Amino acid sequence: MNVYEGFLNLNINTSFIGLEKGNEDINYFCTPVGAEIIGWEGVDGIHYCFIEGFKDMVFAVNPVSCCDKYVYPLANSFEAFIRLILATNCTSALEQIILWSKEEFEKYLIDSSIFPEQTEVLKILTSKLNLTAHPQPYEYVKELQASFDYSKLIFSDEYFAVLGLT
């Protein structure tokens, strides 16, 4: 059993760490073709997915992106994704790395409160999946995003229409 299957078998409420289960049939204009949604941030339509053709890589999809990308990689594998969450306590900081400097990222982590429910979910992920926190989450995500070939992502006609690129 792989880490993703193990995660699904836990059957726990992961909304406390920004990985809310939701309707997988909902797609936004910027959800790539071939996306399998694995969780929702719970705000602004932000969701996380695997994309057909990219193996186990985990992507963030942000319909209200403040940068020039609506879709960007966060981890080479679901295991790495969970380890990044363990390092940052939730998906929010990971999703924002594309916009932030290291100082902004670190300040966010210092200033963020952690709730008992979050702590409980993180403990379960650590013990049941036998994973540890990633030692350098910011550097890992930045390096992955810098080396990723964004031209390989495939979008629907709606994406191009919404952006006025048709």
Side-chain angles (χ1 to χ4, degrees), residues 1-63 65 69-98 105 109 112 114-150 152-156 159:
M1 176 176 4
N2 67 35
V3 174
Y4 184 60
E5 290 168 343
F7 171 80
L8 293 175
N9 288 336
L10 294 175
N11 200 28
I12 57 175
N13 182 352
T14 52
S15 64
F16 298 110
I17 59 167
L19 202 53
E20 189 173 312
K21 294 176 177 118
N23 187 343
E24 296 175 9
D25 295 332
I26 296 174
N27 286 310
Y28 284 78
F29 77 96
C30 56
T31 302
V33 171
E36 175 189 344
I37 298 172
I38 59 175
W40 297 84
E41 180 76 32
V43 64
D44 293 334
I46 299 167
H47 50 288
Y48 303 94
C49 64
F50 300 123
I51 302 174
E52 188 177 319
F54 293 94
K55 299 182 183 175
D56 197 24
M57 187 174 279
V58 176
F59 292 82
V61 180
N62 185 343
S65 184
K69 296 180 180 20
Y70 292 92
V71 180
Y72 35 91
L74 293 180
N76 274 319
S77 67
F78 189 78
E79 178 179 330
F81 183 57
I82 294 298
R83 292 186 68 219
L84 291 165
I85 291 171
L86 292 173
T88 60
N89 301 322
C90 67
T91 57
S92 299
L94 300 174
E95 191 271 323
Q96 295 293 315
I97 287 176
I98 198 162
F105 173 76
L109 294 181
S112 295
I114 185 162
F115 302 100
E117 297 88 353
Q118 247 179 310
T119 301
E120 186 60 30
V121 170
L122 296 169
K123 282 182 186 176
I124 292 169
L125 293 175
T126 299
S127 65
K128 299 290 185 184
L129 299 178
N130 197 30
L131 297 175
T132 58
H134 195 287
Q136 295 183 304
Y138 183 86
E139 293 79 2
Y140 172 90
V141 174
K142 279 294 196 186
E143 183 177 316
L144 178 64
Q145 291 172 346
S147 65
F148 184 74
D149 182 357
Y150 291 87
K152 293 187 183 225
L153 294 171
I154 301 170
F155 294 97
S156 68
Y159 173 83

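No experiment lies behind these values; they were computed from the predicted model shown. Both backbone and side-chain heavy atoms feed into the values below; hydrogens, waters and symmetry mates do not.
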Worksheet item: Excluding sequence neighbours, so at least two apart, what forms side chain to side chain contact (heavy atoms under 4.5 Å, CB included) with L10?
Response: I12, I124, L125, K128, L129
Discussion item. I need the full list of salt bridge (Lys or Arg N to Asp or Glu O under 4.0 Å) pairs touching residues 37-57, with sequence neighbours left out, sorted by first then second residue.
Written reply: none
Fill in: Short side-chain to backbone donor-acceptor contact, E5 and N2, under 3.5 Å
yes
Worksheet item: Partners of N13 by side-chain hydrogen bond (donor to acceptor under 3.5 Å, both in side chains), sequence neighbours excluded?
Response: S15
Worksheet item: Which atom pair, heavy atoms only, marks the closest approach of N89 to Q118?
Response: O-NE2, 2.9 Å
Discussion item. Between K142 and I97, does the side chain to side chain contact (heavy atoms under 4.5 Å, CB included) criterion hold? Intermediate values first, please.
Written reply: CA-CA 7 Å; K142 279 294 196 186; I97 287 176; 3.9 Å; yes
Worksheet item: Who pairs with I154 by side chain to side chain contact (heavy atoms under 4.5 Å, CB included), at least two apart in sequence or on another chain?
Response: V33
Donor-acceptor list for residues 131-138 side chains, cut-off 3.5 Å, not counting sequence neighbours:
from	atom 1	to	atom 2	distance (Å)
H134	ND1	Q136	N	3.0
Y138	OH	W100	O	2.7
Y138	OH	K102	N	3.1

Discussion item. Would F7 and L19 count as a side chain to side chain contact (heavy atoms under 4.5 Å, CB included) here? Give the steps.
Written reply: CA-CA 11 Å; F7 171 80; L19 202 53; 3.7 Å; yes
Worksheet item: Side chains of L122 and I85: does their closest heavy-atom pair fall under 4.5 Å?
Response: yes
Fill in: Closest non-hydrogen atom pair, A60 against L74
CB-CD1, 3.7 Å
Discussion item. Run Y70 and Y28 through side chain to side chain contact (heavy atoms under 4.5 Å, CB included) and show every step you take.
Written reply: CA-CA 10 Å; Y70 292 92; Y28 284 78; over 6 Å; no
Worksheet item: Ignoring hydrogens and geometry, is there a side-chain-to-backbone donor-acceptor pair from T14 to I17 under 3.5 Å?
Response: no
Worksheet item: If you measure from CD on E79 to CG on L84, what distance do you get to the nearest 0.5 Å?
Response: 10.5 Å
Item to complete: Determine the sole option in F81, F78, W40 for which the ring pair (Phe, Tyr, Trp, His ring centres under 6.0 Å) test with Y48 is passed.
Response: F81
Worksheet item: Considering residues at least two apart in sequence or located in another chain, which fulfil the side chain to side chain contact (heavy atoms under 4.5 Å, CB included) criterion with T119?
Response: I114, K123
Practice prompt. Would you give the length of the straight line joining atom NZ of K21 to atom CD1 of I38, rounded to the nearest 0.5 angstrom?
Written response: 11.5 Å
Practice prompt. Identify the heavy atoms of T88 and A93 that sit nearest to each other, and give their distance.
Written response: CB-CB, 4.1 Å
Worksheet item: Is the shortest heavy-atom distance from the side chain of C49 to the side chain of V61 under 4.5 Å?
Response: yes
Response to the item:
In this structure, CD of E36 is separated from CD1 of I51 (nearest 0.5 Å) by 11.0 Å
Worksheet entry | Rounded distance [0.5 Å steps], CZ in F155 versus OG1 in T31 | 9.0 Å
Worksheet item: side-chain hydrogen bond (donor to acceptor under 3.5 Å, both in side chains) with Y72: which residues, sequence neighbours excluded?
Response: E95
Worksheet entry | Partner set under ring-ring contact (aromatic ring centres under 6.0 Å, His included) for F59, not counting sequence neighbours | F54, F148
Worksheet item: Under 6.0 Å from the CD atom of E117, do we count more than 12 heavy atoms belonging to anything else shown?
Response: yes
Worksheet entry | Closest approach of G42 to E20 (non-hydrogen atoms, all atoms of both residues) | CA-OE1, 4.0 Å
Fill in: Residue pair Y150, Q145: steps toward the side chain to side chain contact (heavy atoms under 4.5 Å, CB included) verdict
CA-CA 9 Å; Y150 291 87; Q145 291 172 346; 3.5 Å; yes
Fill in: For the student: nearest non-hydrogen atoms of L144 and A75, plus distance
CD2-N, 3.3 Å
Worksheet item: Which residues pass the side chain to side chain contact (heavy atoms under 4.5 Å, CB included) test with D149, sequence neighbours left out?
Response: S151, K152
Fill in: Nearest heavy atoms of P63 and F29, plus distance in Å
O-CE2, 3.8 Å
